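Okay, so here's the structure we're looking at.
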Amino acid sequence: MNRLNAPIYGILFGQAIGNALGLAAQRMSCDRVATTYPNGVNNYADIL
């Protein structure tokens, strides 16, 4: 991986991880997210 590709891969992986973690709270109200995930969604085990 060269110096130009590293940031591009970082953007792609960050987007994929963010989408996966955000899936847990998709279509939930803010109040429901707060009660279901009081400490936030911090890892993949939280969404299973």
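Just so you know, these numbers come straight off a predicted model, no measurement behind them. All residue numbers refer to positions in the sequence shown, counting from 1. FYI, side chains are in, hydrogens and waters are out, and symmetry mates aren't considered; it's all heavy atoms of this structure.
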Distance-only donor-acceptor hits, side chain of residues 22-35, under 3.5 Å, sequence neighbours excluded:
{"from": "Ser29", "atom 1": "OG", "to": "Arg32", "atom 2": "N", "distance (Å)": "3.2"}
{"from": "Thr35", "atom 1": "OG1", "to": "Asp31", "atom 2": "O", "distance (Å)": "3.3"}
{"from": "Thr35", "atom 1": "OG1", "to": "Arg32", "atom 2": "O", "distance (Å)": "3.0"}

### Task
Supply the members, apart from Leu12, of the Ile/Leu/Val/Met/Phe/Trp/Tyr cluster built from side-chain contacts under 4.5 Å; use none for a lone residue.
Ile8
#### Entry: Qualifying residues under side chain to side chain donor-acceptor pair (under 3.5 Å), relative to Gln15, sequence neighbours excluded
Asn19
#### Entry: Gap between atom CG of Leu21 and atom CG of Asn42 - 0.5 Å precision
8.5 Å
